[in-house]
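These notes are about the structure you will find just below.
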Amino acid sequence: MKEDIGIGIIDVYSQLELTQCLESIPKDLQKNIFLVSNTKNKSVLNVPYYRFEREVSFASMRNRILSHFRLQNKKFLFLMFSNFAITENTFFEDAVKTASNFGTWCMTGRSEEHTSELQSRVDISYA
């Protein structure tokens, strides 16, 4: 399952936040990262990236990630901003297992009842 996961990171925040985000991804999934940047930040990992030379919309950045992973035939895509940090090593696998019981799904960030930066919660929506 891990080879089917694609992790797209939209970098629009500081270098420190990008570094923390990248380092929080479990080591065995770091090869599945694609970074899209609208800043001059540097990646601390050797991951593929695309840097826009001018300001573009979030939709353009998201579409670049989706295009990259479609070419790689990834089944499970995670999109996150560079100010997120993964606090559980099994977050990605757990989210895929939960989502496999439902239809189309998306995950959200922080909520009032959770204090971690990105909790293990999957919100389900149907197409």
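Computed from a predicted structure; not experimentally measured.
Expressed to the nearest 0.5 Å, how far OG of Ser37 lies from OH of Tyr50 amounts to 11.5 Å. To the nearest 0.5 Å, atom OG1 of residue Thr39 and atom NZ of residue Lys42 are 9.5 Å apart. The NZ atom of Lys75 sits 11.5 Å away from atom CD1 of Ile5, with the distance rounded to the nearest 0.5 Å. Taking CG of Asn83 as the reference point, atom CD1 of Ile10 lies at 10.5 Å (rounded to 0.5 Å). Note: Ile33 CD1 to Tyr49 OH = 14.5 Å, rounded to the nearest 0.5 Å.
Between the side chains of Glu17 and Ser14, a donor-acceptor pair is found at a separation under 3.5 Å.
Sorted pairs that involve residues 3-31 and meet ring-ring contact (aromatic ring centres under 6.0 Å, His included), not counting sequence neighbours, are lacking altogether. The side-chain hydrogen bond (donor to acceptor under 3.5 Å, both in side chains) pairs that include a residue from residues 23-35 are Lys2-Asp28, where partners are two or more places apart or lie in different chains.
Within the 3.5 Å criterion, the main-chain N or O of Glu3 finds a donor-acceptor partner in the side chain of Lys74.
Under the 4.5 Å side-chain heavy-atom criterion for ILVMFWY residues, no single connected hydrophobic cluster contains both Leu16 and Leu22.
Of all heavy-atom pairs spanning Cys21 and Phe84, the tightest one is CB-O, 3.1 Å. The shortest non-hydrogen separation linking Met80 to Ile7 is SD-CG2, 4.0 Å. Between Ser43 and Leu45 the shortest heavy-atom distance is OG-O, 2.7 Å. Closest approach of Leu29 and Glu93 over heavy atoms only: CD1-OE2, 3.9 Å. The shortest non-hydrogen separation linking Asp11 to Leu35 is CB-CD1, 3.8 Å.
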What pairs of donor and acceptor atoms, side-chain ones from residues 61-70 against any protein atom, are under 3.5 angstrom apart with sequence neighbours left out?
{"unit_1": "Asn63", "atom_1": "ND2", "unit_2": "Ala59", "atom_2": "O", "d": "3.2"}
{"unit_1": "His68", "atom_1": "NE2", "unit_2": "Gln72", "atom_2": "NE2", "d": "3.4"}

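Two residues are said to be in side-chain contact when any heavy atoms from C-beta on lie closer than 4.5 Å; Phe76 and Phe92 fail this criterion.
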